[in-house]
Amino acid sequence: MKRLSSYVFFIVLCGLALSQPIKDRKCLREKVITFPQLATNNWVKLHPNESMDMSAATVCLRFYTEQMSLDPCLFSLATPSYPQDFSLRWLSFSKQYEMTIHSFKVQFDGLVFKNNQWISMCATWDANSGLAQMFVNKVASIKKEVGPKVSFKGNPVITLGQFQTQYDGGFNQHNAFTGFIADVHVHGQVLTIRQIKTYMEAKTKYKLGDYINWHNLMYTIAGSAQVEEKHQVTFYSKEEQQ
Ligand SMILES: *[C@@H]1O[C@H](CO)[C@@H](O)[C@H](O)[C@H]1NC(C)=O
């Protein structure tokens with residue numbers, strides 16, 4: 001009886017350990033985060049070293065999906081002032097990418113979104129001009145004005161694979177992402193076209209994020225989301241290797 005109870009205790013402990021979010025600092029070079037299930041309890045949070053005081057920003061990432069939800073969200077940055085301070089979603093009805101700056105929305109048309117292939121994306125915004133631009137697989141959008149011309153400020157909560165409807169939470173199933181996300185970098189400036197091109201070509205020496213750096217990343221991972229080796233989840237050619 002005693003043995004049985006300690007066995008049960010062990011199982012419960014393991015169960016708890018598995019369901020606890022895991023916080024870690026790692027180099028995720030050559031790695032992806034797998035989101036295997038359409039659910040709001042699978043998420044990843046990225047923890048920057050400092051709170052934000054940036055008058056411009058660029059977010060770059062790659063994703064590979066089989067779209068299962070209506071409007072899957074790739075990246076969501078919330079601050080106490082704006083629950084959608086910088087976010088990136090795909091809108092499946094209108095077939096547009098939506099970028100949100102300081103909780104104001106802007107849509108971009110005609111950029112590629114495809115199941116079962118890697119897609120590289122960068123999005124830029126500058127408080128001086130108030131202009132946003134998106135780049136998807138080396139195609140540039142036009143520039144569009146969005147949001148009040150103020151800096152990003154305060155302590156952000158940054159999530160991958162879920163859309164924050166409020167600061168630090170409020171996830172919706174219809175915004176959950178399924179697939180792989182990799183190479184997430186956040187820069188405190190607008191990258192040049194040349195820098196973005198280098199990132200799109202996945203060359204060795206693209207510019208790493210000075211605010212969020214995939215190669216030195218503090219993150220928390222929860223639910224069934226997990227870190228895997230890129231070469232073990234999809235085919236990719238030599239020139240893509242970094
Ligand atoms: C954050 O701090 C760590 C530890 O000091 C450092 O290694 C890392 O490069 C910093 N990250 C960024 C993006 O500056």
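All of these numbers come straight from a predicted model, not from anything done at the bench. Ligands are counted one by one from 1 in listed order, and the atoms in each one are counted from 1 as well.
Using cut-offs of 30° and 60° for the angle between ring planes, the Y64 and F180 rings count as tilted. Between F35 and F177, the ring planes are perpendicular. Angles over 60° get that label, and only those under 30° would be called parallel.
Looking from atom 5 (O) of ligand 1 to the surrounding protein, the closest heavy atom is N49 ND2, 4.9 Å. Of the protein's non-hydrogen atoms, the one nearest atom 6 (C) of ligand 1 is N216 ND2, 3.8 Å.
Within the listing of ligand 1, atoms 13 (C), 14 (O) sit less than 4.0 angstrom from a heavy atom of D210.
A donor-acceptor contact closer than 3.5 angstrom is absent between the side chains of Y199 and H185.
The closest approach between a heavy atom of R25 and any atom of ligand 1 is below 4.0 Å.
Partner R89 forms a side-chain hydrogen bond (donor to acceptor under 3.5 Å, both in side chains) with one of Q96, Q84, E98 and no other, that one being E98.
The presence of a protein heavy atom under 4.0 Å from atom 11 (N) of ligand 1 is confirmed.
The number of heavy atoms from other shown groups lying within 6.0 Å of CZ (R194) does not exceed 12.
The shortest N or O to N or O distance between Y211 and ligand 1 is not below 3.5 Å.
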